Amino acid sequence: MLETRYNPKVTEAKWYADWQKKEYFKGIPDSKKKMFSLVIPPPNVTGSLHMGHALNNTLQDILARWHRMKGFSVCWMPGTDHAGIATQNVVERMLSLENKSREELGRENFVKEIWKWKEKSGGTIINQLHRLGASCDWDKERFTMDEGLSIAVREAFVRLYEDDLIYRGDYLVNWCPRCGTAVSDLEVEFEEQQGSLWDIFYPFENEESGLIVSTTRPETMLGDTALAVHPQDERYKKFIGRKLQLPLVGREIPLIADDFVDPEFGSGVVKITPAHDPNDYEAGKRNELPQINILTEDGKINENGGKYQGLDRFEAREKIISDLKNLSFLKQVKDHEHNVGICYRCETIIEPFLSKQWFIRTKPLAEEAIRSVENGKIRIIPKQWENTYFEWMHNIKDWCISRQIWWGHQIPAWYNVETGEVIVSREDITDQNYRRETDVLDTWFSSALWPFSTFGWPKKTPDLDYFYPTSTLVTGFDIIFFWVARMIMAGLKFMDDVPFKDVYIHALVRDEDGQKMSKTRGNVIDPIEIIEESGADSLRFTLTAMAAQGRDVRLSEERIAGYRNFCNKIWNAARFILLNVEKEVETIPESSSLTLADRWILSRANSVTREVEKSLDEYRFNDFASTLYQFIWHEFCDWYIEAVKPNIINDEIDSKSKDILVLVLSQILRLLHPVMPFITEEIWDKLPIKGKKSSIMVSEWPKYDPEFENPDSEEDFSIIIDIVSTIRNLRGELNISPGQEIPCLIKVSNQEHESLILREEETIKRLSKIGSEWSIGTDIQPPKLISSAVIRNMQIFIPLEGLIDIDSETNRLKKQLAETEKTVLALKKKLSNKEFTQKAPKEVIEKNEEKLKDEQNRHEKLSTNLNKLTKTG
RNA sequence: GGGCGGGUAGCUCAGUUGGGAGAGCGGUGCCCUUACAAGGCAUAGGUCGGAGGUUCGAGCCCUCUCCCGCCCACCA
């Protein structure tokens, strides 16, 4: 027996523990079975579950549970990511509360602090995934900095280095002065900001005249080593090669010509600061200009900035502007909107900065990665994201992988203190003459190896052999470049095979303003709170139902409440069934012993099974959810249960409806289990079916069976539904209280309808509350004062003299008549169009002809009834 | 500057080879009918952003256009 009310909290904890105890989540290589594997997009180890995770992991869990039920050997690999900069920032912030800094602690102690923090809070998100119901193989859980994965990272680095795919050198990189590290191009976000454009006067040497230059970053002038104009610019051609004097600094710089200058912009003269601007860097190289770095690692002006040394870059900007103004070098200031690069971790403004960094040569790796998507070895779903992928891969730039932070995989390179010789090695170099590289690797370097490092690579393990390549990757579009593309490159490079066959890209969960939810923005809605309030199944179902391909999920509390009600509905339906069925169901009853309703629901359940399978196959998660929602609520509960109630409650001996109820419920539960694992298991546990599996998790996934398809029953039952709905409608129009019984006459136009109605008489009468006064036939003579409706070539009459208001009844019929007339005219017009009858497919024409006949028939009957009514009046 | 996605009922959104406009929530009316008031029954509400085109037929295909969002890009 089920409790009166579903209690998600108790149920969820109970079954999750049970599943784990029974080791259902375990992924075990089994050559006799088909394989299905997933690797989790590893969440940040210090993070907590947000809605994005909830969506991402719900979808993965659906796929995992679905395949398990289909008999696959399933492995869903879980784990967490060390998230270098992000985690280091978190711990640094914590330390600063105690007035400590990482510099004080020193590298070794600081890293120890992070490990301590990881041990303490690293389990949070994993526990939260348990709450969600994620069926990961937790025994296999990995962490990107654990021993095995560190070996994998080192192996990968060494091999790339040996293959000349890694190099080190001085380059202009994106520098975050707050984090004190270089970041990759991807880690810079651009933000439209309102800034200023300053026009500065650069005088020719020993002359009054000079040139006007526009800049958004005046402080960089300290590092100017030239001015440039377009070689064809008539205004300036004559000055090319002349020297100018750099204001405030006094340095002598040349005017050069370079194609990249846009003569239309500003004055057409541009200052060249090779050490602090990517364009200028390139221009500087082309023209062999000196590079003058004017910044320190923490964003202050360095010794090259003369009297501005020591000032923060923005203080220096203010000071330089005021100095320029005082010395009349500043000619004009204009408002100017422009894109400013900010650090995606701490939102500090990024500076282009000259430094020695490690890079991966990505072009050679990208080629095969592009091919593997082009030739279909990897499918990206929805397909539109392929374009995004190709676009980025075709224009891929070398990847700066070194980070000047402490938390991460330290680069396995050693420098000879004397000679500077570089050794990259799998083993630590202990020779005192060598000093290890202090930089660590970009976090995404280890993430790129995730689909195989987690299975034991570089060792050859049975898991790696069996579960790689993984079946499907489920992830958000925000990390296609960061992660998906790099996994593909790494998989092809190290495993010689793609890391996954399907990539399902889901939408982002946004807040009510359509904003991306993220920790740094602080707009995260806590899924755990929702789980506490409404249960994990409600949350999971909501996210699934809203996960339409290519569209963001805007989560609303209302929506979740709606699907919580759905849980409740399922619970109550199951409660009703279990309350009334005591005997165990053994087999599917013979079709001949079934009622119309029985045959109808079996046929419908069968179709739904097919639809569900198709939806999941195509990653149409929202279709999967709403198909089940509609079927369960509006067919199974609203019609089937209601139709068979008397058989159940009165315990009709001959009725097989109890069996059908249980069997269809069992089918519903199994179809629903991937998305609602807990409530389905709780009900399954109580289901009286002989020989059922002890857990729904290991029960058989329903299969579509053409045997059960029964279009005749579907048609017949839909007639019953129409009749009942029509009578209910008339009752409503007449304001008859739902409890009151009414008389009813049905005039049919054929024998089939008559016998169908007679067979289903009890059901129709009960569901529409018709009393003893009731008759059916082809020659019904209705009394004058009636309320009537026409449907499917039948006329339904409610003879209730006292209740009928002639005016309103007349109006109602007139309205219907007008609608019918309109439809008839439209259909006639369509069918008399020769082009239509010649060119449209036969089925379409027939359908329209039939419709016309129906509508004409309806029209005729409506007008007859109307006439009678008005005559009476 | 390039690319992508979206504009469908009051709100949030489905709508898969072009052929009857849908759901959830909300609204309205009637009902505590023995699974469920987190419920039942009924009902109102849309020129599918705009214009043009292809077609016998367009929410769906093509062109143009107006809004909104996102991604990429070195515009000083």
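Remember, predicted model here, so these are calculated numbers, not experimental data. Chain letters run A, B, ... following the sequence lines, proteins first and then strands; every chain starts at 1.
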| message | Using whole Å, what does the distance between atom C1' of nucleotide B:G20 and atom CD of A:E846 come to? | response | 16 Å
| task | Please report the C-alpha distance between A:T823 and A:R858 in whole Å, then the side-chain angles of each, then the deciding distance to 0.1 Å, and finally whether the side chain to side chain donor-acceptor pair (under 3.5 Å) criterion is met. | result | CA-CA 11 Å; A:T823 316; A:R858 183 175 157 80; over 6 Å; no
| said: Both A:R5 and A:I577 contact RNA chain B. Which one's nearest nucleotide lies toward the 5' end? | reply: A:I577
| Reckon A:H336 touches a base, only the sugar-phosphate, or nothing at all at heavy-atom distances under 4.0 Å? | sugar-phosphate
| task | Mind running a 4.0 Å heavy-atom check of residues 619-632 of chain A against RNA chain B and sending the residues that fall below it, in number order? | result | A:R620, A:N622, A:Y629, A:Q630
| Which part of the nucleic acid does A:R766 contact within heavy-atom distance under 4.0 Å: base, sugar-phosphate only, or nothing? | nothing
| task | Check salt bridge (Lys or Arg N to Asp or Glu O under 4.0 Å) between A:E351 and all other residues, then give those that pass, not counting sequence neighbours. | result | A:R217, A:R313
| said: Per the ring-ring contact (aromatic ring centres under 6.0 Å, His included) rule, what does the pair list look like for residues 538-577 of chain A, sequence neighbours excluded? | reply: A:Y6-A:W571, A:F541-A:Y563, A:F541-A:F566, A:Y563-A:Y629, A:F566-A:Y629
| message | Base, sugar-phosphate or nothing for A:Q384? Non-hydrogen atoms, less than 4.0 Å. | response | sugar-phosphate
| said: Please tell me whether A:E187 and A:S184 have a donor and an acceptor in their side chains that are separated by less than 3.5 angstrom. | reply: yes
| query | What's the verdict on salt bridge (Lys or Arg N to Asp or Glu O under 4.0 Å) for A:K9 and A:E533, showing C-alpha distance, side-chain angles and the deciding distance? | reply | CA-CA 9 Å; A:K9 241 183 191 167; A:E533 284 163 23; over 6 Å; no
| request: Nearest whole angstrom, please: distance from the C1' of B:C74 to the CZ of A:F265. | output: 13 Å
| Do the side chains of A:I683 and A:L665 get nearer than 4.5 Å, heavy atoms only? | yes
| request: Return the value, rounded to whole Å, for the distance between atom CZ of A:F576 and atom P of B:U33. | output: 16 Å
| task | For A:D638, answer base if it contacts any base atom (sugar-phosphate contacts may also be present), sugar-phosphate if it contacts only those atoms, and nothing otherwise; contact means non-hydrogen atoms under 4.0 Å. | result | sugar-phosphate
| task | In whole angstrom, give the distance that lies between atom CD of A:E849 and atom C1' of B:G20. | result | 16 Å
| Hey, is the main chain of A:T362 close enough, under 3.5 Å, to the side chain of A:D398 for a donor-acceptor pair? | yes
| field | Results of salt bridge (Lys or Arg N to Asp or Glu O under 4.0 Å) for A:R235 - residues two or more places apart only | value | A:D233
| field | Within residues 725-740 of chain A, residues whose heavy atoms come under 4.0 Å of RNA chain B | value | A:S725, A:R728, A:N729, A:P738
| said: Within residues 563-572 of chain A, which residues have any heavy atom lying less than 4.0 Å from an atom of RNA chain B? | reply: A:R564, A:N565, A:N568, A:K569, A:N572
Please produce a list of atom pairs where a protein N or O lies less than 3.5 Å from an N or O of nucleotides 9-13 of chain B.
from  : atom 1 : to     : atom 2 : distance (Å)
B:C13 : O3'    : A:R551 : NE     : 3.3

| With sugar-phosphate meaning primed atoms plus P, OP1 and OP2, does A:K614 contact a base, only sugar-phosphate, or nothing at under 4.0 Å between heavy atoms? | base
| task | Applying salt bridge (Lys or Arg N to Asp or Glu O under 4.0 Å), name anything that partners A:K686, two or more places apart in sequence or on another chain. | result | A:E682
| said: Measuring to OP1 and OP2 of B:U34, would you say a side-chain N or O of A:K645 lies under 4.0 angstrom away? | reply: no
| request: Could you tell me if the ring centre of A:F481 sits under 6.0 Å from that of A:Y389? | output: no
| said: Please confirm whether the shortest side-chain N or O distance from A:H634 to OP1 or OP2 of B:A23 is below 4.0 Å. | reply: no
| request: Not counting sequence neighbours, which residues clear salt bridge (Lys or Arg N to Asp or Glu O under 4.0 Å) with A:K614? List them please. | output: A:E618
| field | Integer-rounded Å distance: B:A14 P and A:E618 CD | value | 17 Å
| query | Any salt bridge (charged side-chain N to carboxylate O under 4.0 Å, His left out) pairs touching residues 729-741 of chain A, not counting sequence neighbours? | reply | none
| Who is the Watson-Crick or G-U wobble partner of B:A9, with both distances under 3.5 Å? | none
| Can you check the A:M393 CE to B:G3 P distance for me, whole Å? | 21 Å
| field | Integer-rounded Å distance: B:A35 P and A:I683 CD1 | value | 16 Å
| query | Within this structure, what is the CZ-to-P distance between A:F477 and B:G5, rounded to whole angstrom? | reply | 13 Å
| query | Side chains of A:K271 and A:T273: is there a donor and an acceptor less than 3.5 Å apart? | reply | yes
| Short side-chain N/O contact from A:W633 to OP1 or OP2 of B:G40, under 4.0 Å | yes
| task | Would you indicate which nucleotide in B:A38, B:C36, B:A76 comes nearest to any side-chain atom of A:E642? | result | B:C36
| Taking only residues two or more places apart in sequence, or in another chain, which ones meet A:F482 in a ring pair (Phe, Tyr, Trp, His ring centres under 6.0 Å)? | A:Y344, A:W444
| query | Is there a donor-acceptor contact under 3.5 Å from the side chain of A:R766 to the main chain of A:E642? | reply | yes
| query | Under 4.0 Å between a Lys/Arg side-chain N and an Asp/Glu carboxylate O for A:E809 and A:R812? | reply | yes
Strictly under 3.5 Å: I want the nitrogen or oxygen pairs between protein and nucleotides 53-59 of chain B, one per line.
from  : atom 1 : to     : atom 2 : distance (Å)
B:C56 : OP1    : A:K839 : NZ     : 2.2
B:C56 : O2'    : A:N833 : ND2    : 3.3

| said: Would A:E386 and A:K383 count as a salt bridge (Lys or Arg N to Asp or Glu O under 4.0 Å) here? Give the steps. | reply: CA-CA 6 Å; A:E386 280 185 5; A:K383 206 171 162 57; 3.3 Å; yes
| request: Measure the acute angle between the ring planes of A:F353 and A:H276, then classify it against the limits of 30° and 60° as parallel, tilted or perpendicular. | output: tilted
| task | Would you kindly check whether a donor in the side chain of A:K397 faces an acceptor in the base of B:A73, or vice versa, at under 3.5 angstrom? | result | no
